[in-house]
Amino acid sequence: MPTTYLEAIREGLWEEMERDPNVFLLGEDIGVYGGAFKVTAGFIEHFGERRVVDTPISEGAIVGAAIGASFLGLRPVAEMQFADFISCGFDQIVNFAAKCRYRWGAAVPMVIRAPSGGGIHGGPFHSQNPEMWFVRVPGLKVVAPATAYDAKGLIKSAVRDNDPVLFFEHKGLYRRIREELPGEEYTVPIGKAKVVREGRDLTIVAYGAMVWTALEAAEKLAEEGVQAEVVDLRTLLPLDRETVIESVRKTSKVLLVHEDTRTGGMAGELAASITESVFEYLDGPVVRVTAPDTPVPYSPPLEEAFLPNVEKVLEKARWLRRY
Amino acid sequence: MPTTYLEAIREGLWEEMERDPNVFLLGEDIGVYGGAFKVTAGFIEHFGERRVVDTPISEGAIVGAAIGASFLGLRPVAEMQFADFISCGFDQIVNFAAKCRYRWGAAVPMVIRAPSGGGIHGGPFHSQNPEMWFVRVPGLKVVAPATAYDAKGLIKSAVRDNDPVLFFEHKGLYRRIREELPGEEYTVPIGKAKVVREGRDLTIVAYGAMVWTALEAAEKLAEEGVQAEVVDLRTLLPLDRETVIESVRKTSKVLLVHEDTRTGGMAGELAASITESVFEYLDGPVVRVTAPDTPVPYSPPLEEAFLPNVEKVLEKARWLRRY
Amino acid sequence: MSAAPVSTLPSTSASGEPAELAHKCLYYMTLMREVEDRIERKLYRQGKIVGGVYVGRGQEAIPVGTALLAEPDDVLLPSHRDMAVMFIRGMPLGRVFAQYMGRADGPTRGREGNMHMGDLKLNLVSIISALAATVPVAAGVALAMRYLGKPGVAFSYFGDGATSRGDWHEGVNFATVQKLPVLFICNNNQYAYSTPLSAQMACANVADRGPAYSMPAEIVDGNDVLAVHAATRRALEQVRAGGGPYLLECKTFRMTGHSAHDAAHYVPKELFEEWERMDPIARLRSKMLANGWADEAGLERVRAGILREIDEAVEWADRSPYPDPATLLDDVYEQS
Amino acid sequence: MSAAPVSTLPSTSASGEPAELAHKCLYYMTLMREVEDRIERKLYRQGKIVGGVYVGRGQEAIPVGTALLAEPDDVLLPSHRDMAVMFIRGMPLGRVFAQYMGRADGPTRGREGNMHMGDLKLNLVSIISALAATVPVAAGVALAMRYLGKPGVAFSYFGDGATSRGDWHEGVNFATVQKLPVLFICNNNQYAYSTPLSAQMACANVADRGPAYSMPAEIVDGNDVLAVHAATRRALEQVRAGGGPYLLECKTFRMTGHSAHDAAHYVPKELFEEWERMDPIARLRSKMLANGWADEAGLERVRAGILREIDEAVEWADRSPYPDPATLLDDVYEQS
Ligand SMILES: Cc1ncc(C[n+]2csc(CCOP(=O)(O)OP(=O)(O)O)c2C)c(N)n1
Ligand SMILES: Cc1ncc(C[n+]2csc(CCOP(=O)(O)OP(=O)(O)O)c2C)c(N)n1
Ligand SMILES: [Mg+2]
Ligand SMILES: [Mg+2]
């Protein structure tokens with residue numbers, strides 16, 4: 001039976017908790033209720049209150065307590081109810097968790113799960129993509145899976161990682177994506193992008209929900225005789241520039257796609273990395289398809305206009321192809 | 001008598017408070033003590049406790065209270081004692097202040113002053129450059145002056161602006177920079193970069209303390225027969241891409257310099273904007289000179305290795321020149 | 001589009017202050033109940049509301065009992081279960097429905113959903129999602145009132161769970177240090193989403209937090225609108241006299257799930273039954289009948305009037321267009 | 001480089017528990033005083049310390065009276081004026097000087113300055129600058145102790161001003177809801193930088209905040225090390241017995257400016273004079289002499305020994321190299 005993206009995360013967490021008694025969960029409404037999105041439904045019944053800790057509405061304390069627990073060798077997995085609330089625990093993440101190892105050699109092996117992304121009519125505070133706040137913070141790792149396979153493999157790697165990992169799970173994919181997953185155990189390494197479709201004419205780089213948009217666009221382009229290569233970043237920090245650059249070396253044209261707003265987005269970092277490394281390979285400008293620089297609006301026609309989609313990718317891809 | 005960068009900010013604030021009775025200050029130790037850096041020394045004596053409010057150690061409340069006060073038509077200028085503590089008031093800035101106008105049409109005319117930057121042996125928590133956390137937030141404006149002239153002119157514009165403005169003042173420039181300022185009143189517009197040195201061979205884009213590094217490097221380059229144009233961004237959001245692009249059109253080579261760490265830094269955004277707009281004008285890769293991706297270390301030899309400097313700019317500039 | 005229908009309180013033949021007040025309270029409580037019922041049980045299920053819906057069923061006495069005492073200069077910062085505050089301040093019904101339905105004539109022009117709305121002309125500040133974020137903002141509002149020599153009070157509304165947030169502490173602390181005119185109003189409905197009070201705080205009452213700020217704190221039956229009103233009046237007297245912040249804890253119960261998609265299986269059935277018997281609307285109604293302040297027929301007429309108002313407002317809202325995608329980029333900054 | 005000099009408590013001829021304890025307290029208080037004097041009044045002025053310096057002069061009784069009761073499994077999270085905690089936990093003197101001087105042999109290898117240091121092998125957690133950030137972290141440490149069935153207590157240190165921060169509230173609230181083994185230790189030195197208590201909080205005592213969390217809170221004379229010690233013992237008994245968090249407010253005074261570059265003009269001179277008379281070291285010394293627990297000559301020998309230890313440690317630290325710039329990029333992440 002195919003597994004949803006959401007169930008994949010669930011399974012990954014479950015397996016890690018079975019494997020390692022030091023893994024535990026904390027967050028708001030994750031126990032009895034099973035989490036706002038039901039990712040942890042059934043966990044408290046199986047693992048007990050000791051390992052599934054319902055907290056007060058205190059994002060700062062959730063992150064801080066996770067840091068403290070990690071000092072004693074535990075592996076906390078904290079949930080932000082929505083990624084949008086991560087800004088309430090911000091200082092603990094960017095100043096405490098991120099800098100301990102560098103400053104005084106203390107490892108902080110913890111995971112922060114954060115359901116992010118739009119397309120669910122959540123409005124300005126239930127739809128954000130906060131990843132770039134953290135991609136600019138040395139000491140953190142940032143993961144954003146697009147597939148059920150990667151979601152499971154990456155959450156498992158995140159739990160085992162000895163550095164703080166932010167795990168952005170895209171709400172819009174929770175129940176939309178279904179895949180057959182391997183029966184045997186596997187992990188997916190943090191820090192490795194993946195070519196999810198091969199092509200020689202043009203590279204499309206994306207992550208999270210936009211990987212599916214990119215793939216759909218690539219299908220359409222194929223019908224038009226254009227072979228697009230699609231790179232799924234999977235991890236945003238440490239950023240696997242190599243895989244992206246390798247692809248650009250081959251295709252010489254690159255389209256960067258993200259659901260996040262444009263200014264200061266991941267596409268900027270990629271554009272800089274690409275032109276620094278393989279400028280001479282480029283046969284056209286590095287092009288971005290992103291959300292515009294506004295908050296995420298609520299009303300369907302506005303949100304639709306806001307989000308990047310297949311049409312917008314196609315338009316830019318065709319333009320770049322002709323360039 | 002020449003005015004320091006610090007005094008310029010002071011003067012700008014003083015003039016605005018004299019001009020508009022609705023301008024007031026709030027922050028930690030800004031009243032009786034005059035602020036950790038003495039920017040507001042003498043203000044409480046002149047303007048009184050009503051207009052110079054010493055607050056508890058509550059960055060969230062400082063920003064939140066400023067937002068509330070702005071709803072009633074006041075123009076609060078909040079001080080973060082060090083820019084590093086801005087992460088403690090993060091949610092109020094990025095979710096409350098930034099989004100009010102877009103969401104429900106409420107203007108939030110407030111300024112947050114934040115002494116940022118390294119080179120003063122402040123270590124990981126008194127040296128950070130947090131600007132990019134905010135440059136990616138639509139609804140905010142972000143200013144980072146390099147000169148005393150701009151510091152004064154921009155703080156005045158910031159106070160008059162009807163949107164929330166983050167004002168990053170570089171601690172390292174406070175007493176290092178001295179300029180003769182005009183006797184008559186002036187402002188400097190938010191959102192306008194400035195060519196601070198003309199040249200045709202190469203563009204160096206910088207902001208904050210790095211403008212001086214860029215200018216010094218340009219001097220040296222001139223001795224080597226290379227005419228570098230130096231663009232001072234002055235405002236980081238809204239970003240004046242036009243001025244940068246105009247310069248690149250002329251020089252065809254561009255070096256992006258910032259003190260902030262590399263990944264996710266302003267140079268990425270600029271690189272993307274440049275290659276999107278004037279790809280065909282580029283005669284070489286867009287090159288970055290930035291701090292490496294680590295926290296800011298304390299010990300002098302480490303901090304020196306960490307910070308970009310004239311030598312590092314020269315090395316890249318020469319490389320780019322030969323490209 | 002023509003002006004949005006405004007809710008109009010029918011004049012009553014009841015004489016004497018208490019009766020008149022009771023009529024007002026009943027009117028606004030019923031209005032809130034019926035508007036939210038329409039939203040949650042009709043429009044949401046019809047798919048006319050695409051985002052989340054959070055209602056204040058059973059808690060209507062709190063926004064009504066407090067906001068009816070607001071003066072024009074007061075600024076109100078309602079939380080997500082305080083819909084009546086909107087109406088009492090003069091927000092037209094139609095605009096509220098338009099908001100929930102994502103239409104251009106909502107106070108956020110489709111940019112926001114549900115209770116995330118405000119209007120500075122009505123001295124109403126919109127919440128953001130992050131709980132308790134409006135608490136320091138209320139302190140700032142009050143600071144500005146004093147600064148400007150205005151007589152107002154800031155009404156800061158929040159739930160029990162919101163008091164766990166750092167912003168709550170910082171905001172209350174700042175307001176008390178500055179002795180600002182803020183009335184803190186807690187709807188203690190004993191749950192924060194699925195989390196019961198005991199997993200949210202170690203103290204028994206939110207009011208137990210008052211002394212930590214040298215702030216007077218009072219507990220009131222939040223399902224008795226006249227008691228809420230009386231306590232608010234007393235509290236406001238102190239606040240308006242310069243006594244600094246005052247905390248009113250209104251004990252109540254959330255008679256729904258956390259949101260429209262939550263069946264609240266985690267709430268013991270008996271609790272719902274117990275609190276059903278204390279429904280603030282039914283209680284006030286009985287009292288009014290018992291005291292001879294009203295008769296059944298009169299009350300039915302009022303309810304019928306409310307339902308008509310709602311029908312009209314929904315129709316109005318449904319005629320409101322969706323926002324034009326061409327407006328997407330507007331108003332991120334002041335347009336020059 | 002050879003091992004860093006460790007401070008060694010001289011054995012005393014004093015007999016009986018109170019006398020022995022007094023000797024220990026005096027030793028560590030004097031050690032802290034002299035180390036910080038050396039740092040602030042010598043090394044800083046000589047330019048050997050390039051960053052900020054914050055000392056705990058006059059507050060030594062608090063870290064000493066509390067930390068002496070820490071068991072090996074306890075985890076301590078000292079604040080920026082609790083230097084003695086480092087020594088009591090076994091952090092070598094030489095490494096502390098190396099830290100301040102930005103050398104490779106400091107516990108942060110030159111990455112950090114002043115009290116921003118820790119060592120998990122010694123169960124010492126480093127502060128970050130953001131005040132009260134360690135408070136929720138202490139709660140997490142205590143949660144882990146219980147999780148792992150370890151007997152320890154988390155010692156969470158902070159100043160009066162830090163209690164205004166949201167993190168403080170969230171951390172204390174979480175710890176009390178979970179009934180975790182945390183001892184909260186407040187050094188109330190009546191100022192936060194230049195800000196007096198009255199501008200920081202409306203309540204008179206930090207201990208007044210205990211009831212907001214149903215947490216026992218006690219005020220103790222923070223300049224009487226034996227009183228601090230006794231109160232800590234009582235508090236720890238409750239905490240170790242599973243009573244949940246306990247707040248100990250130690251009243252004291254900061255006998256310096258906020259940092260080495262602050263002349264503290266904002267502090268009334270009389271306050272310094274008044275508190276000078278309550279100096280915790282002088283008080284303990286007098287008591288020891290009066291009780292016949294020590295004689296002048298013996299105490300002078302101890303002090304002289306401390307100064308020798310310091311001389312050696314400074315020399316050792318000064319021989320420690322500056323960190324190699326080639327290490328700049330190391331340890332941002334686990335090296336693989
Ligand atoms: C900072 C933050 N964290 C989490 C949430 C998600 N959330 C929305 S409402 C809610 C419960 C609120 O409880 P309470 O404050 O008691 O208000 P009530 O809903 O009971 O009226 C939660 C956890 C949020 N909105 N903000
Ligand atoms: C979040 C935050 N804001 C501001 C500062 C700057 N700062 C450093 S120490 C201090 C005063 C601290 O007062 P208190 O907590 O009473 O400790 P004390 O220094 O008196 O021991 C301030 C404002 C900081 N470190 N962290
Ligand atoms: Mg509640
Ligand atoms: Mg203090």
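The basis for the numbers below is simple: all heavy atoms, side chains too, and nothing from hydrogens, waters or symmetry mates. Order of the sequence lines sets the chain letters (A, B, ...), proteins ahead of strands, with each chain counted from 1.
Note on ring orientation: taking the six-membered ring where Trp is involved, the planes of Y266(C) and Y191(C) are tilted (angle from 30° to 60°). Ring pair F43(A)/F47(A) is tilted by interplanar angle, where 30° to 60° counts as tilted. Ring-plane geometry between W168(C) and F158(C) is classed as perpendicular, the angle between the planes exceeding 60 degrees on a 0 to 90 degree scale with a lower cut at 30.
Of the residues considered (S194(C), G102(C), A326(C), A199(C)), S194(C) shows the highest number of contacts with chain A, using heavy-atom pairs under 4.5 Å. Note: P323(C) leads A162(C), P323(C), G161(C), G106(C) in heavy-atom pairs under 4.5 Å with chain A. Ranked by non-hydrogen atom pairs under 4.5 Å with chain A, the options G113(C), P325(C), A104(C) are led by G113(C). Ranking A305(A), S87(A), P124(A) against chain C, the residue ahead of the rest is P124(A), based on heavy-atom pairs under 4.5 Å. Annotation: maximal heavy-atom pairing with chain C below 4.5 Å, among P301(A), G31(A), S58(A), A36(A), occurs at P301(A). Options L328(C), D330(C), V332(C), T163(C) differ in how many heavy-atom pairs under 4.5 Å they form with chain A, and the most are formed by L328(C).
No more than 12 heavy atoms of other residues, nucleotides or ligands lie within 6.0 Å of CD in E49(A), so this atom counts as exposed by the packing criterion.
Judged purely by atom type and a 3.5 angstrom limit, R262(A) has no side-chain atom pairing as donor or acceptor with the backbone of A291(A).
Side-chain atoms of Q200(C) and T195(C) form no donor-acceptor pair, as typed in the model, at a separation below 3.5 Å.
For L131(C), the part lying under 4.5 angstrom from a heavy atom of chain A is the side chain only. H116(C) touches chain A through its side chain: at least one heavy atom from C-beta onward sits under 4.5 Å away, while N, CA, C and O do not. Both the backbone and the side chain of A130(C) come within contact range of chain A, each with at least one heavy atom under 4.5 Å from a heavy atom of that chain. Residue contact with chain C, scored on non-hydrogen atoms closer than 4.5 Å, is absent for E28(A). Only the side chain of F85(A) has a heavy atom closer than 4.5 Å to any heavy atom of chain C. Neither the backbone nor the side chain of D84(A) comes within contact range of chain C; no heavy atoms are under 4.5 Å apart. The contact between Q81(A) and chain C is made entirely by side chain atoms (from C-beta outward), counting heavy-atom distances below 4.5 Å.
Annotation: F90(A) is in aromatic contact with F134(A) [ring centroid separation under 6.0 Å].
Salt-bridge formation is not detected for the pair R57(C)/E36(C): no Lys NZ or Arg NE/NH1/NH2 atom is positioned less than 4.0 Å from an Asp or Glu carboxylate oxygen.
Side-chain atoms of Q128(A) and I86(A), non-hydrogen and from C-beta on, never get closer than 4.5 Å to each other.
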